[in-house]
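Residue numbering restarts at 1 for every chain, and letters A, B, ... go by the order of the sequence lines.
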Amino acid sequence: MGLTLRLRGTSVVRGVRILALLLALAGPMFAAWGQDAADAVDVAAATEEAPTPEAPAIDSGDTAWLLTSTALVLFMTIPGLSLFYGGLVRSKNVLSVLMQCFAITALVTLLWTIYGYSVAFDTTGMEDGTFNLNSLVGGFAHIFLKGVTPDAVTLTIPLSVFVCFQLTFAIITPALIIGAFAERMKFSAVLVFTALWFTFVYAPICHMVWSGPGSLMGSLWGVLDFAGGTVVHINAGIAALVAALLIGKRKGYPTTPMPPHNMTMTVTGAGMLWVGWFGFNAGSAVAANGSAGMAMLVTQIATACAALIWMFIEWFKHGKPSALGTATGAVAGLVAITPASGTVGPMGAIVIGLASGAICFLGATSLKRGLGYDDSLDAFGVHGIGGLVGALLTGIFASTSLGGQVEIDIVTQFIQQLKGSVVTIVYCGVLSFIILKLIDVTIGLRVDEAQETQGLDISLHEEAGYNI
Amino acid sequence: MGLTLRLRGTSVVRGVRILALLLALAGPMFAAWGQDAADAVDVAAATEEAPTPEAPAIDSGDTAWLLTSTALVLFMTIPGLSLFYGGLVRSKNVLSVLMQCFAITALVTLLWTIYGYSVAFDTTGMEDGTFNLNSLVGGFAHIFLKGVTPDAVTLTIPLSVFVCFQLTFAIITPALIIGAFAERMKFSAVLVFTALWFTFVYAPICHMVWSGPGSLMGSLWGVLDFAGGTVVHINAGIAALVAALLIGKRKGYPTTPMPPHNMTMTVTGAGMLWVGWFGFNAGSAVAANGSAGMAMLVTQIATACAALIWMFIEWFKHGKPSALGTATGAVAGLVAITPASGTVGPMGAIVIGLASGAICFLGATSLKRGLGYDDSLDAFGVHGIGGLVGALLTGIFASTSLGGQVEIDIVTQFIQQLKGSVVTIVYCGVLSFIILKLIDVTIGLRVDEAQETQGLDISLHEEAGYNI
Amino acid sequence: MGLTLRLRGTSVVRGVRILALLLALAGPMFAAWGQDAADAVDVAAATEEAPTPEAPAIDSGDTAWLLTSTALVLFMTIPGLSLFYGGLVRSKNVLSVLMQCFAITALVTLLWTIYGYSVAFDTTGMEDGTFNLNSLVGGFAHIFLKGVTPDAVTLTIPLSVFVCFQLTFAIITPALIIGAFAERMKFSAVLVFTALWFTFVYAPICHMVWSGPGSLMGSLWGVLDFAGGTVVHINAGIAALVAALLIGKRKGYPTTPMPPHNMTMTVTGAGMLWVGWFGFNAGSAVAANGSAGMAMLVTQIATACAALIWMFIEWFKHGKPSALGTATGAVAGLVAITPASGTVGPMGAIVIGLASGAICFLGATSLKRGLGYDDSLDAFGVHGIGGLVGALLTGIFASTSLGGQVEIDIVTQFIQQLKGSVVTIVYCGVLSFIILKLIDVTIGLRVDEAQETQGLDISLHEEAGYNI
Amino acid sequence: MRKVEAIIKPFKLEDVKEAIAAVGVQGLTVSEVKGFGRQKGHKELYRGAEYVVEFLPKVKLEVVLSDDKVRSVVDAIVKAAGTGNIGDGKIFISPVEEAIRIRTGESGDIALS
Amino acid sequence: MRKVEAIIKPFKLEDVKEAIAAVGVQGLTVSEVKGFGRQKGHKELYRGAEYVVEFLPKVKLEVVLSDDKVRSVVDAIVKAAGTGNIGDGKIFISPVEEAIRIRTGESGDIALS
Amino acid sequence: MRKVEAIIKPFKLEDVKEAIAAVGVQGLTVSEVKGFGRQKGHKELYRGAEYVVEFLPKVKLEVVLSDDKVRSVVDAIVKAAGTGNIGDGKIFISPVEEAIRIRTGESGDIALS
Ligand SMILES: Nc1ncnc2c1ncn2[C@@H]1O[C@H](COP(=O)(O)OP(=O)(O)O)[C@@H](O)[C@H]1O
Ligand SMILES: Nc1ncnc2c1ncn2[C@@H]1O[C@H](COP(=O)(O)OP(=O)(O)O)[C@@H](O)[C@H]1O
Ligand SMILES: Nc1ncnc2c1ncn2[C@@H]1O[C@H](COP(=O)(O)OP(=O)(O)O)[C@@H](O)[C@H]1O
C-alpha cells in the first residue's frame with residue numbers, strides 16, 4: 001500500500017516534471033500568442049505575402065488527392081505502424097507501443113501547430129543559390145500557423161492542406177524510431193525525446209531538404225528526395241540505431257526468444273502501411289498528375305520485389321518462407337523507393353526493390369547479430385539501411401538513361417545523394433545522441449528491471465492489452 | 001433439448017415479429033414503388049427541377065473528394081467504431097457489438113433509400129425566411145431516391161454522391177448510441193430502435209439543420225453546425241443517456257470490474273475514427289477547397305489537444321497515463337471540433353480540443369459515477385458532452401475576432417448555438433424516451449439474466465468471438 | 001534432428017524448384033529487358049502512339065479519384081480480404097492465409113509489370129467489329145511496362161494510374177480463390193498456381209472483357225461488366241470450385257466442426273471489403289462523375305439488402321441471426337452488384353442485393369452440403385454464385401425501363417450476359433483444372449497429413465499466429 | 001494436508017474467492033478449463049450450418065490447506081458457487097503430502113499460511 | 001475414488017472424449033497445457049533468426065471416477081489417444097478422497113454419476 | 001511415485017525447466033494459471049476509474065516422478081524459481097499411484113523415463 005502510494009507519488013512528480021519540460025520547451029512560443037491574436041485581422045492580408053507570391057489558383061483535383069493523401073499518411077501511423085510494431089512485441093508491452101504511436105501523433109501535432117511548421121517551412125530569409133542560416137532552419141514567421149488561412153494557397157492546393165500533409169510526415173518519423181527502444185523505454189522519456197528530436201532534428205533536416213529555393217540539401221546541393229528517404233527514413237533509422245545502442249538490450253535478449261505476440265496484427269499493419277504509402281509517395285507529387293501516378297506505380301513494383309526477394313532468401317536459407325519476413329521485405333521496399341518514387345521508372349523500381357529487400361535482410365539479421373545491439377523491431381535495419389539504399393540508388397536510376405525521369409549525370413548525382421545522406425547521418429546521429437544522453441541523466445531513459453519484467457502496459461499505463 | 005427448441009421457437013417468433021414491425025414501418029412507402037417505376041422515364045426530366053435549380057456543372061475534384069469522404073465516413077463505422085466499441089466490452093459480447101454496427105449500416109441504408117433521404121433532404125415546400133412544416137421535416141418527393149440519376153447535380157457534385165455521403169452520417173449516428181446499452185440490449189430491440197429513431201429523430205433533426213433555406217435551425221436560427229455536432233453527436237449522446245437510464249445497469253455494474261477485453265482493437269478503432277473523421281469534417285465542405293483543408297487542419301489540432309489533455313489529467317490524477325484515456329480524449333476532441341470545423345481557426349481548435357478533453361473526462365468519470373447510470377462505453381459522456389461543448393464553443397471561436405472565419409456577434413451566436421442544442425436535446429430526449437418505452441412494452445428492451453451472463457454472442461447470435 | 005534436417009532439405013529443394021518454375025515462366029520475358037532499356041529513350045516518343053491516340057488532357061479530379069480507388073482496391077486485399085479469410089480458418093492456419101494474400105499481391109505485381117499488363121491490355125492488332133487472336137489476348141507491346149511514362153495518358157487519367165488500378169484487380173482475383181483450398185494447400189503450389197492462373201486465365205479473360213474495341217466479350221458481344229462480375233468473381237469462383245474438388249476435403253471435414261478462430265478479424269475484414277469496394281466499383285467509372293457516384297450508391301444499397309436478407313433468412317431458419325451470416329451476405333451483395341454497378345438504378349440494386357443474398361445463402365449452405373465438396377471459406381458459394389447472379393441480373397436491370405442507364409433489349413442482353421458467363425465458366429474451368437492437375441503431378445498440391453494436423457503456420461512458415 | 005479442487009461456473013469466481021478468503025485461506029490458484037458433463041453445450045452457427053459446442057467454459061480452483069480447514073472451505077464453495085442449475089460444478093478432495101514456500105523454503109502447514 | 005489425468009495430443013481430444021463417454025463416464029474437465037518431453041518442439045523463424053519452441057501444445061483431461069471404472073477408462077484413453085508416435089502422452093492415476101456436486105451437495109460416487 | 005506441482009512466476013519458467021532437466025527428469029507439463037495470495041495485484045485504469053486486478057499470472061508445472069527423485073527436483077525448483085520476493089510461489093507434493101505411457105502402454109516408473 002505504502003509502496004503503491006510512493007510509486008504513484010513518484011509518477012505524479014514525474015508527470016509534472018515532464019509537462020514542465022514540455023512547456024519550458026514550448027514556453028517562448030506562447031509569448032507569440034497574444035501578438036498572433038492581435039495580428040489575426042492582418043492574417044488575410046498576410047497571406048498575400050505568404051510562400052506563394054503569385055497566389056495561383058487552387059486545383060480541386062490536386063486538392064482532393066492531397067486531402068486523401070493526408071488521410072492515408074495519418075493512417076500509416078495510426079493504426080498502420082502501431083499495429084505493425086504492436087504485433088511484434090510481447091503481449092505485456094503491446095499497449096505501450098500503441099500508446100506511444102498515439103501520443104506521438106498528438107504531441108507532434110501540437111508542436112507543429114505552435115512552431116514546427118514554421119521552423120520546417122518558413123522561407124523568410126532564404127534566397128536561391130545563397131547559403132545562409134535559413135538554408136538550415138526556418139524562422140518563426142508562421143508560429144501558431146500564422147498565415148494559414150482558408151484562402152492561402154501553395155502550389156495548386158490550399159496552404160492548410162499542405163500544412164496538414166507535411167504534418168503527417170512529421171508524425172510518422174519519430175513514431176518509426178520507437179521500434180528501436182520498444183519494450184523498455186519510459187513513456188515520459190519517449191515524450192520528451194519526441195519533442196526534442198522533432199524540434200532539433202526533424203524540423204531542420206526537413207527544412208534543408210524540402211523548404212525550397214535556398215535550402216541546403218534540396219536546393220543548393222540538388223539532393224533528390226522525392227518523398228522522404230533522407231528526411232524520414234535515414235533520419236529515423238539513425239536515431240533508432242543511436243537509441244538502441246544507448247538504451248541497451250532488453251532483459252534476456254538475445255538468449256530468450258521474444259517472438260511476436262500477434263503476427264496477425266503485424267501483417268495487418270504491414271498491409272496498411274503499404275496502402276498508406278500510396279499517399280506518402282504519390283501524395284508527394286503535391287498534385288494528381290502523371291508524376292503522382294508514376295510514383296504510385298513504382299512504389300507498388302519496388303515493394304513487391306522487396307517482399308519477394310526477402311521471402312525467397314528466407315526460403316533458401318532456412319527452408320521456410322515466413323510471413324514476417326515477407327511483410328518486412330515489403331516495408332524495406334517501401335522505404336527504399338520513397339526517395340526515388342518521383343524520379344525512377346519501372347525498371348529502376350525493380351532493382352531498388354530487389355536491392356533493398358536483400359540488403360535490409362542482412363541488416364535485420366547478420367548485421368544486427370554481428371554488432372550485438374538490440375534494435376528490437378529493426379527500425380534501423382529496415383528504415384536506416386533501406387533509406388540509405390534508396391537514397392543512393394535514386395542517384396543512379398533517376399537518370400533518363402536508365403528509364404528515370406531526370407537528366408542527370410549519374411556519378412555527380414550519386415555523390416550528391418551520398419553527401420546528403422552522410423550529412424543527415426552525422427547531424428542526426430550527433431543530435432540524437434545528445435538528446436538521449438540529456439534525457440538519461442535527467443529523467444532517465446529506461447524503466448527499472450521490475451517494470452520491464454512485468455511489462456510496460458501494467459507498469460506504465462495500468463492497463464492490460466487483452467482480457468480474452 | 002425441449003428447452004432449446006422452445007427457446008429457438010421463441011426466437012423465430014421474435015424474428016418474424018421484428019420483420020413485421022419493420023415492414024409495417026416501411027409498408028406505406030412500398031406503395032410508392034409502382035408509381036416510382038412508372039415515373040422512371042420522367043426521372044431524367046425530374047432532375048431538372050431537383051434541389052439544384054441552375055443545374056451547375058460537376059467539378060471532378062470536388063466529386064473525387066466527396067467520393068473519398070464517403071468511403072472514409074463509412075470506414076468510421078465499419079470497421080472503425082465497431083472496433084473501438086468492440087474492444088471495450090467483455091469478450092463474450094464482442095460480436096454483438098460488431099453485429100449491431102454492421103446491421104445498423106445495412107438497415108439504415110435500406111431505410112435511407114426508401115424514404116430517409118427524402119424525409120431528411122427533400123426541400124419541397126421550403127421557403128427562405130419562412131417557418132412551416134417543411135422547416136422541420138422533408139416530404140416524400142424523393143422516396144426510393146426518385147430523381148437521383150447519374151446526371152442529377154447538387155452544388156458541384158453529382159447528387160448520387162451527396163446522397164451517399166449523407167447516408168454515411170445517418171449510419172454512424174445510431175451506431176454511436178449502442179455504446180450506451182452495450183452488453184444487454186436485445187438484438188431485435190436494437191434493430192427496431194434504430195429504424196424508429198432514424199425515422200423520427202435523426203431525419204427531422206438533420207432536416208432542421210442541414211436541408212437549406214427555410215430549415216428551422218440551420219437557416220432560420222442560423223445555428224452553425226458544419227459537420228454534425230448537433231445532428232450527429234448531441235443527438236446520439238442524448239439518445240444514449242436516455243437509453244442507459246431506461247435499460248438499467250449491466251448485471252454486476254459497478255461492483256464487478258468490466259475491463260475492456262481487447263484494448264488493441266479499441267486503440268486501432270480510435271485510429272481509424274481519427275482518420276475517417278477527415279472525411280466527416282473536411283468532406284462536409286462538399287468541395288476540395290480551402291474550407292475543406294482548414295476543416296482537416298483544425299480537426300487534427302483539436303483532436304491532438306484533447307488526447308493530450310485527457311492523458312495528462314489521468315497522469316496527474318492517477319499517476320499513470322492510459323491508452324484508453326488518450327484514445328478517448330482523441331474521440332472527445334473529434335466530436336467537439338465537428339460543428340466548428342468549417343468556421344474556427346487553429347487557435348480556436350486548440351481551445352476546443354483542450355476544453356472538450358477536460359470536460360468529457362469529467363463526463364465519463366465523475367458525472368457518470370456521481371449520477372450512477374451505466375453508459376457502458378460512454379456514448380453520452382463523450383458524444384453528448386463533447387457535442388455540446390463543441391456546439392457552444394463554435395458560437396465563440398467561429399468569430400473572425402478570435403481567428404475564425406465568420407463575422408458574428410459572439411453573444412448572439414452563442415445564444416443561437418445554445419438554442420439549437422437545447423431544442424435538439426429536448427426533442428431527441430423526449431422522442432428517444434417514447435420510442436424506447438414503446439419497444440420495452442412490446443418486444444422488450446433487455447435480454448434475460450441468463451443470456452446476459454452467458455454473453456450476447458452465444459445467446460443471441462450463436463457464435464463465439466474467439467476460438468484461439 | 002535428422003528428420004528435421006531432411007525435411008528442411010526437402011523444403012530448400014522445393015524452394016529452388018518453385019523459383020525455377022517461376023523463372024522459367026518469366027524467362028522469355030527477360031529477353032526483352034535489354035531491348036527495353038535500349039528503347040528507353042524512345043519511350044517518351046512511344047507514348048504518342050500509345051492506347052490513347054488523340055492524347056487527351058489529364059483531368060486532375062478524375063486522376064485523384066483513380067489514385068484513391070487504387071489504394072482502396074489494394075486495401076481490399078491487404079488487409080481486407082486477408083482479415084476476412086484469416087479469421088475464418090483455425091488459429092493454426094491463420095498466418096498461412098495472410099501470407100498467401102501478401103505473397104500473391106507481390107507476385108502478381110511483378111508479373112503484371114513484366115508482361116501481365118501487356119497481355120491484358122495491349123490493343124495491338126485489335127479492330128473494332130473484327131474477331132481475331134487479339135480479341136482474346138493482348139500482345140507483348142507493353143512488356144516491362146514499355147510506354148508507361150509520366151506523360152502517357154489514357155481516357156482522362158495518366159496511363160500509370162490506369163496500370164496501377166487494373167493491377168489491384170489482378171491481385172485480388174487469385175487472392176479470392178485461396179478461400180477454396182485454405183488450410184491444406186502447399187505454399188509453393190499456391191505461388192505456382194497464382195502465376196499460371198494469372199497468366200493463362202485472368203489476363204485473357206480480362207482482355208476479352210475490358211480491353212476495348214475488338215475484344216471478344218466486351219466489344220463484340222456487348223457483355224456488360226462494369227467492374228468485374230465476370231472477370232473477377234465468376235472467374236475466381238469457378239477456379240475455386242475446381243480447386244476445392246481437386247484438392248479434396250480438409251481432414252475431419254465435415255464431421256469435426258471448424259469454427260472461425262477469430263470472428264472479430266472476419267467482421268473487420270468484411271467492413272474493409274465493403275469500404276474498399278467503393279474504389280472497386282465507383283473507381284471503375286475511371287472518372288469522378290455521376291457514373292462513379294451512382295456506382296457507389298447502388299453498391300451501398302445492394303450490399304445492405306444482401307446483408308439484411310441473409311441475416312433474416314438465418315434468423316428464420318435457425319432462430320438466430322449471426323454476424324458471420326450478415327457479413328457474408330454483405331460480401332455476396334458486393335459481388336453481385338459489381339458487374340451492374342455502372343448501369344443499374346437504386347431499385348435494380350435492391351433486387352440484385354436481395355437475390356444475391358438469398359441465392360448465395362443457398363450456395364454456401366445447401367448446395368455445398370448437398371454436393372459435398374469442401375469450399376472452405378465459400379469462395380465459390382459467394383463469388384462464383386454471386387458473380388453469376390450479378391452478371392445475369394445486370395442484363396435485366398441495366399435497362400432504362402427498369403431504372404437502369406442503358407437502352408437495351410432485356411432478352412437480348414440477358415442472353416449476352418449468359419453467353420459471357422458460360423464462356424468464362426468453361427474457359428476458366430478447363431484451364432484451372434489443367435493448371436491444378438499439372439501442379440499436382442509435379443510439385444504436389446497438398447501438404448501431408450502431419451503438416452495439416454500441425455497447421456500450416458508452423459509446418460510451412462515456422463511461425464505461430466499468436467503468442468498471447 | 002489436502003487439496004480441494006473445485007470446477008465452477010466462471011462468473012462465480014469472484015464470489016467463491018471471497019467466500020474462501022472469508023474462512024481464512026490466504027492463497028489459491030485458478031485456471032481456465034473446459035467442462036463436459038450433464039450440462040449441455042450451446043449451438044453455434046457457421047454460415048447456415050449448425051454445430052454443437054460440447055465443452056463449456058469453467059474455472060478450476062485449487063486450494064491446498066491444512067486438514068482442519070477442509071470442511072469449512074468446501075461448505076463455503078458449495079454456498080458461493082451454487083445457482084441450483086445443472087452445471088454448477090464439482091469439488092474434489094485429495095491428499096497432499098507436503099507443501100513448500102519457494103521464497104523461504106518453509107514447508108508444512110506454515111508454507112500455506 | 002481415483003483421478004485419471006491424461007496428457008494427450010490436442011487433435012485427439014474429440015476421440016478420447018467419445019471413448020470415455022462410451023465406457024459410461026459422464027463428466028470430465030479439459031485444459032490446455034504445454035508439454036515438454038521426448039517429443040521435440042519445432043523451429044520458428046523471426047526475421048531470419050531461428051529459435052526452437054520447446055513446449056508443445058497438449059491437452060490435459062481430468063476425470064474423477066469410482067475405482068471400478070479406472071481400468072476401462074485408462075484402456076479407452078490408451079486406445080483412442082495413441083498414434084504410435086512419440087509425444088502421444090501420459091496417463092497418471094492418483095487417489096481422490098471425496099467428490100461433491102455443488103448443485104446438490106451430494107458427495108461420494110453419487111456426485112460423479 | 002509422486003507428483004510435484006509448482007506454482008511459479010512466469011518469467012522463471014525457462015530457468016526452472018532447465019534446472020529440472022539438469023537433475024535428470026525428462027518430462028513435465030506446464031499450464032498458465034492465475035494466482036491469488038499474499039502478493040497483491042496491480043491497479044488498472046478504466047477511463048479514469050481505478051480497479052485492482054487481484055489475480056496474478058502464474059505458471060503451474062506438474063512433474064510426475066519416482067519417489068527417489070522428489071528431493072532433488074524440489075531443491076532444483078526452489079533454487080531456480082526463487083527471487084526472494086513475495087509471490088515466488090509454492091510447491092505441492094502428492095501421491096500418484098500409477099503412470100502409463102500412451103504410446104507403448106508401459107506403466108510404472110518406466111513410463112516416466
Ligand atoms: N467425473 C468428473 N471428473 C472431472 N470433472 C468432472 C466430472 N464430472 C463433471 N466434471 C466437471 O464438472 C462440470 C459440471 O458438471 P455437470 O455434470 O455439467 O453438472 P453438475 O455438476 O451440476 O452435475 C463439468 O463441466 C466438468 O468440468
Ligand atoms: N514426468 C512427467 N510429468 C508430467 N508430465 C509429463 C511427464 N513426462 C511427460 N509428460 C507429458 O507428456 C507429454 C508427452 O511426453 P513425451 O515424452 O513427449 O512422449 P511420450 O509420451 O510418447 O513418451 C509431454 O509433452 C508432457 O506434457
Ligand atoms: N493454499 C494455496 N493453495 C493453492 N495455491 C496457492 C496457495 N497459496 C498460494 N498459492 C499460489 O501460490 C502463489 C504465490 O503465493 P503468495 O502468497 O502470493 O506468495 P508466496 O508464495 O511468496 O508466499 C499464489 O499466487 C497462488 O497461485
Side-chain angles (χ1 to χ4, degrees), chain A residues 7-9 11-12 15-16 19 33 36-37 40 58-65 67-68 70-71 74-75 78-79 82-83 86 94-95 98-99 102-103 105-107 109-110 113 144-145 148 150-153 157-161 163-164 167 187 262 265 460-468, chain B residues 59-62 64-65 68 72 90-91 259-264 267-268 270-272 274-276 278-279 282 287-294 296-297 300-301 303-305 307-308 311-312 315-316 318-324 326-327 330 345-347 349-350 400-403 405 466 468:
Chain A
L7 263 171
R8 229 232 261 187
S11 295
V12 173
V16 177
L19 194 70
W33 185 297
D36 194 59
I58 283 177
D59 179 285
S60 67
D62 295 344
T63 304
W65 174 234
L67 287 164
T68 306
T70 306
L74 180 61
F75 184 64
I78 50 168
S82 66
L83 286 173
V94 60
L95 285 183
L98 303 187
M99 175 73 171
F102 217 92
T105 303
L107 181 59
T109 299
L110 184 58
T113 306
F144 287 101
L145 301 184
V148 182
D151 316 315
V153 176
I157 63 169
L159 180 56
S160 53
V161 178
V163 170
C164 221
L167 163 56
F187 182 62
N262 191 336
M265 275 174 74
L460 298 189
H461 307 295
E462 278 183 351
E463 283 178 304
Y466 305 95
N467 293 292
I468 299 178
Chain B
D59 179 285
S60 67
D62 295 345
W65 174 234
T68 306
L72 284 171
R90 287 164 291 173
S91 59
H261 91 282
N262 191 337
M263 273 299 300
T264 71
V267 180
T268 302
M272 290 178 173
W274 191 333
V275 172
F278 281 174
N289 58 16
S291 172
M294 211 60 195
M296 186 177 272
L297 183 59
Q300 179 72 13
I301 294 172
T303 306
C305 290
L308 287 176
M311 184 179 93
F312 279 115
W315 207 335
F316 292 150
H318 300 278
K320 306 275 167 84
S322 78
L324 176 56
T326 313
M347 277 175 306
I350 291 178
T400 44
S401 64
L402 290 168
Q405 301 165 33
Y466 305 94
I468 298 177

Residue part contacting chain A, namely of [X], when any heavy atom lies under 4.5 Å:
| X | value |
| --- | --- |
| B/Met296 | both |
| B/Ala292 | both |
| B/Ala327 | both |

What are the two closest heavy atoms between [X] and [Y], and how far apart are they?
| X | Y | value |
| --- | --- | --- |
| B/Thr264 | A/Val94 | CG2-CG2, 3.7 Å |
| A/Ala64 | B/Ala288 | N-CB, 3.7 Å |
| B/Val267 | A/Phe102 | CG1-CD1, 3.9 Å |
| A/Ala106 | B/Ala307 | CB-CB, 4.1 Å |
| A/Leu110 | B/Cys305 | CD1-SG, 3.7 Å |

Task: Top contributor to chain A contacts, counting heavy-atom pairs under 4.5 Å, from B/Asn262, B/Leu72, B/Ile468 - done: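 That would be B/Asn262.
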Task: For chain A, the option from B/Ser60, B/Ala323, B/Ala349 that forms the most heavy-atom pairs under 4.5 Å - done: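 The option with the most such pairs is B/Ala323.
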Return the [atom1] to [atom2] distance between [X] and [Y], rounded to the nearest 0.5 Å.
| X | Y | atom1 | atom2 | answer |
| --- | --- | --- | --- | --- |
| A/Leu167 | B/Ile301 | CG | CD1 | 8.0 Å |
| B/Ser291 | A/Asp151 | OG | CG | 10.5 Å |
| B/Met263 | A/Tyr466 | CE | OH | 11.0 Å |
| A/Leu74 | B/Trp274 | CG | CH2 | 6.5 Å |

Using a cut-off of under 4.5 Å for heavy-atom pairs, which of [options] has the most such pairs with chain B?
| options | result |
| --- | --- |
| A/Asp59, A/Thr68, A/Asp62, A/Val161 | A/Thr68 |
| A/His461, A/Met265, A/Glu463 | A/Glu463 |
| A/Thr63, A/Leu67, A/Thr113 | A/Leu67 |
| A/Thr70, A/Thr109, A/Ile58, A/Leu83 | A/Thr109 |

Measure the shortest side-chain to side-chain distance between [X] and [Y] over non-hydrogen atoms and say whether it is less than 4.5 angstrom.
| X | Y | result |
| --- | --- | --- |
| B/Ser91 | A/Asn467 | no |
| A/Met99 | B/Pro321 | yes |
| B/Met272 | A/Pro79 | yes |

Open item on the list: When you measure from the side chain of B/Gln405 to the backbone of A/Pro150, do you find a donor-acceptor pair of N or O atoms at a distance under 3.5 Å?
Closed with: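 Pair absent, no side-chain N/O of B/Gln405 close to backbone of A/Pro150.
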Task: Check: A/Cys164 main-chain N/O paired with B/Gln300 side-chain donor or acceptor under 3.5 Å - done: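 A pair under 3.5 Å: no.
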Open item on the list: For A/Ile157, which atoms come within 4.5 Å of any heavy atom of chain B: side chain, backbone, both, or neither?
Closed with: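 Neither part, no heavy atoms under 4.5 Å.
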